[in-house]
Amino acid sequence: MKKNLIVGQSGGPTAVINGSLYGVVTEAMRHTEEIDEIYGMINGIEGFLNGHMMDMRSLIETNELSLLRTTPGSYLGSCRYKLPEDLNDPVYPLLFNKFTSHGIGYFFYIGGNDSMDTVSKLSRYAKKINSDIRFIGVPKTIDNDLVHTDHTPGFGSAAKYVATTMQEITRDSSVYSAPSVTIVEIMGRNAGWLTASSVVLHANGEVAPHLIYVPERKFSIEQFLEDTRQQMAKHKAVIIAISEGVADPEAAAFQPGVTDEFGHKYLSGIGKYLEQVVREQIGCKVRSIELNVMQRCSSHLCSKTDIDESVQIGAAGV
């Protein structure tokens, strides 16, 4: 008996998240004996709860399906909706009644750690009520921190953006005779992979970045200042890469205490804080640059390998 498939996207977008969507849809269309309709959730599981869906096959008629492969951002929209920890919450029977009414037999969710949390809860509830719906998580995150993965689609393109941008910043900073410090704040809550990726410039003979700080290592402002002074004795323009998740108690004033639905703090400000510290303690020309969301969906620097793997991983899920 044929069943319908539904796919959604969740969390922060990437340059290749639509590649995985393309992979899921195109592979699903090859399985005509098992899969009938192919639906897309508009704005993830939250949108599905509100009845927002679309027919993915309609993209063939408009020629949009093939364009998904190289379109950055989340085509279906996203959400940061956290399902309750308690599997007895009424939202679960509500969701599964909706799955049944739409004939859903296959559920795909493309996302990072929080999205996999959603997949896990739905899968556990399905087991609890003996539902035969399949729940499949399709990995995605520029942070490259998803459990059981070697690397995740989205990371490669973001890493390429970070390294390229860091090289351009180095070019700009190195033209002046006056000593300077440039601090580049890069995404990464608890994982420093993206910040650390800036070190690939060293393979091409670059000396910058001269210092790299990741959240996995304990941070000391005294050590930071000592490191900076040591590098300034060797280079007139010092370039520093630092993860947004690097923690310093005194920097808390620069970081808002606002959290999202999953309890994650909105991070930003460590670069600006360190800029002030360097200005006060060292007294040289200093600037901070926050790459912010630019590193997530910059398709002009997209990695072809990243696109190819994102498509493959979506198809492999099917």
Side-chain angles (χ1 to χ4, degrees), residues 112-113 141-147 155 158-159 161-163 165-170 172-174 176 178-203 206-260 262-295:
N113 285 292
T141 175
I142 65 168
D143 290 335
N144 200 35
D145 63 348
L146 200 54
V147 173
F155 167 67
Y161 176 88
V162 166
T165 303
M166 189 69 74
Q167 188 171 47
E168 293 167 346
I169 290 170
T170 301
D172 181 276
S173 302
S174 63
Y176 303 102
S180 66
V181 173
T182 302
I183 302 162
V184 184
E185 182 180 322
I186 301 164
M187 280 185 171
R189 180 180 305 282
N190 300 310
W193 284 105
L194 201 53
T195 302
S197 67
S198 62
V199 81
V200 301
L201 294 180
H202 293 187
E206 294 280 356
V207 293
H210 305 96
L211 296 168
I212 298 175
Y213 296 94
V214 295
E216 289 88 345
R217 296 292 296 272
K218 185 178 179 181
F219 182 79
S220 159
I221 193 67
E222 292 79 14
Q223 187 63 53
F224 168 80
L225 287 168
E226 182 181 338
D227 294 343
T228 303
R229 290 189 178 102
Q230 287 179 357
Q231 291 301 316
M232 291 188 74
K234 303 174 188 176
H235 311 283
K236 64 177 181 179
V238 174
I239 312 297
I240 300 171
I242 187 164
S243 293
E244 63 181 359
V246 165
D248 182 78
E250 295 181 39
F254 288 84
Q255 297 179 334
V258 182
T259 59
D260 64 17
F262 287 85
H264 304 316
K265 284 183 66 177
Y266 290 109
L267 297 179
S268 69
I270 186 68
K272 184 61 69 177
Y273 164 69
L274 293 177
E275 175 188 339
Q276 180 176 311
V277 170
V278 171
R279 184 175 290 113
E280 293 173 353
Q281 298 296 321
I282 298 178
C284 65
K285 177 183 178 182
V286 57
R287 67 160 62 90
S288 61
I289 299 169
E290 185 182 337
L291 297 190
N292 209 298
V293 297
M294 288 93 73
Q295 59 214 292

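The structure presented is a predicted model; accordingly, all values stated were derived computationally and were not measured.
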* Please step through side-chain hydrogen bond (donor to acceptor under 3.5 Å, both in side chains) for the pair Asp227 and Gln223, ending with a clear verdict. => CA-CA 6 Å; Asp227 294 343; Gln223 187 63 53; 2.7 Å; yes
From [X] [atom1] over to [Y] [atom2], what is the distance, rounded to the nearest 0.5 angstrom?
X: Ile240; Y: Thr228; atom1: CD1; atom2: OG1; result: 4.0 Å
X: Asp172; Y: Thr182; atom1: CG; atom2: OG1; result: 7.5 Å
X: Met187; Y: Thr195; atom1: CE; atom2: OG1; result: 11.0 Å
X: Leu225; Y: Leu274; atom1: CG; atom2: CG; result: 8.5 Å
X: Ser243; Y: Glu185; atom1: OG; atom2: CD; result: 9.0 Å
X: Gln281; Y: Gln276; atom1: CD; atom2: CD; result: 10.0 Å

Could you tell me if the side chain of [Y] sits less than 4.5 Å from the side chain of [X], heavy atoms only?
X: Met166; Y: Ile186; answer: yes
X: Val184; Y: Ile242; answer: no
X: Asn144; Y: Leu194; answer: no
X: Val181; Y: Ile282; answer: no
X: Ile221; Y: Tyr273; answer: yes
X: Ile169; Y: Ile289; answer: yes
X: Arg287; Y: Ser173; answer: yes
X: Glu222; Y: Glu226; answer: no

Closest non-hydrogen atom pair, [X] against [Y]:
X: Ser198; Y: Val162; value: CB-CG1, 4.1 Å
X: Pro215; Y: Gly188; value: CG-O, 4.1 Å
X: Glu216; Y: Gly192; value: OE2-N, 2.8 Å
X: Ile212; Y: Ala196; value: CG2-CA, 4.3 Å
X: Ala163; Y: Val200; value: CB-CG2, 3.7 Å

* Salt bridge check: are Glu275 and Lys272 linked by an N-O gap of less than 4.0 Å? -> yes
* Asked: Counting only heavy atoms not in Arg217, do more than 12 fall under 6.0 Å of its CZ?
  -> no
* For the side chain of Glu206 and the backbone of Ala203, is there at least one donor-acceptor N/O pair under 3.5 Å apart? -> no
* Asked: So Phe224 and Phe219, would you call those rings parallel, tilted or perpendicular, with 30° and 60° as cut-offs?
  -> tilted
